[in-house]
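Note that the numbering runs from 1 along the sequence shown for the chain.
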Amino acid sequence: MSVQGQPLPQSDVRLFSGQSNPALAASLAENLGIRLEVTHVSRFSNDNLFVQLGASVRGRAVYIVQSLIPPVSDHLVELLMMLDIAKSAAAREIHAVIPYFSYARSDKKDAPRISITARLVADLLKTAGATHIMTMTLHSPQGHGCSSIPADPLTASGLFSHYFRARRYSAADTVVVSP
């Protein structure tokens, strides 16, 4: 997180994690040298979620880390609530860091009476307050067109290459299978 190569000061950045992967968010915070802020999540007796960000976001760059992994709907609603909180609390910019975007495969209308769910989720993220989305490589390049806000598809290819080279695996003896 930097502006023109200069690190953002801790006072200008807030990093929060949803419940989907707090260990990843903690690792990101440690690597970036910033604090992972507290997020309070609980449930009411009727199973509705209660979410509260534990630090002021007014005028700051906010990063919210939340994968859309099972239970997908719960994690999506939690992310939407966190985005809405940041927007309502006057965050300057709101980045949704979504390592796994589970609806990315639903990026086209290939049958009648179906939803292009990737676009729907992107629209929900924008409406809730996201000004930017970061996710891992999507199912297909057309997935980037589903969002009307900037989206950065990150890739781990370089990490895999480095891993295999460091262990002196040869290309002839190595097979990588994608799920």
Work out which heavy atom in Arg35 is nearest to a heavy atom in Ala29; give both atom names and the distance. C-CB, 4.3 Å
CG of Leu76 to OG of Ser67, rounded to nearest 0.5 Å, is 12.0 Å
Shortest non-hydrogen pair, Phe16 vs Val62, comes out as CD1-CG1, 4.0 Å
For residues Val51 and Glu78, determine if any side-chain heavy atom of one lies less than 4.5 Å from a side-chain heavy atom of the other. yes
Do Tyr63 and Glu93 have side chains that approach each other closer than 4.5 Å (heavy atoms only, starting at C-beta)? yes
Between atom CD1 of Ile133 and atom CD1 of Ile149, what is the distance when rounded to the nearest 0.5 Å? 3.5 Å
With distance as the sole criterion, is a donor-acceptor pair present between the side chains of Gln66 and Ser20 under 3.5 Å? yes
Distance col, row Asp74:CG vs Leu68:CG, nearest 0.5 angstrom, shows 11.5 Å
Examine distances only and state if a side-chain atom of Lys87 and a backbone atom of Thr127 form a donor-acceptor pair shorter than 3.5 Å. yes
Do the side chains of Ile64 and Val97 get nearer than 4.5 Å, heavy atoms only? no
Tell me if the CZ atom of Arg43 is crowded by more than 12 foreign heavy atoms within 6.0 Å. yes
Do Val38 and Ile85 sit in one hydrophobic cluster, given that two such residues count as connected whenever their side-chain heavy atoms are within less than 4.5 Å of each other, even indirectly? no
Is the side chain of Ser27 donor-acceptor paired with the backbone N or O of Ala23 at a distance under 3.5 Å, no angle test? no
Any donor and acceptor pair, going by atom type alone, linking the side chain of His132 with main-chain N or O of His95 inside 3.5 Å? no
Test side-chain contact (heavy atoms from CB on, under 4.5 Å) applied to Tyr103 and Val72, step by step: CA-CA 9 Å; Tyr103 290 103; Val72 176; 3.6 Å; yes
Heavy atoms of His75 and Gln19 approach each other most closely as NE2-C, 4.0 Å
At their closest point, which heavy atom of Val65 faces which heavy atom of Ala25, and how far apart are they? CB-CB, 4.0 Å
I'd like to know if the side chain of Thr39 and the backbone of Ser17 have a donor-acceptor N/O pair within less than 3.5 Å. yes
Please name the pair of heavy atoms, one in Arg60 and one in Ser11, separated by the smallest distance, quoted to 0.1 Å. NE-O, 2.7 Å
Euclidean distance, Leu36 CG relative to Leu15 CG, rounded to 0.5 Å: 5.0 Å
Side chains of Leu125 and Ile98: closer than 4.5 Å at any heavy-atom pair? yes
Check whether more than 12 heavy atoms from other residues, nucleotides or ligands sit under 6.0 Å from atom NE2 of His162, and answer yes or no. no
Can you tell if the side chain of Val121 reaches within under 4.5 Å of the side chain of Phe101, non-hydrogen atoms only? yes
Leu83 to Ile94 - nearest heavy-atom pair and separation: CD2-CG2, 3.4 Å
Calculate, to the nearest 0.5 Å, the distance between atoms OG and CE belonging to Ser88 and Met81 respectively. 11.0 Å
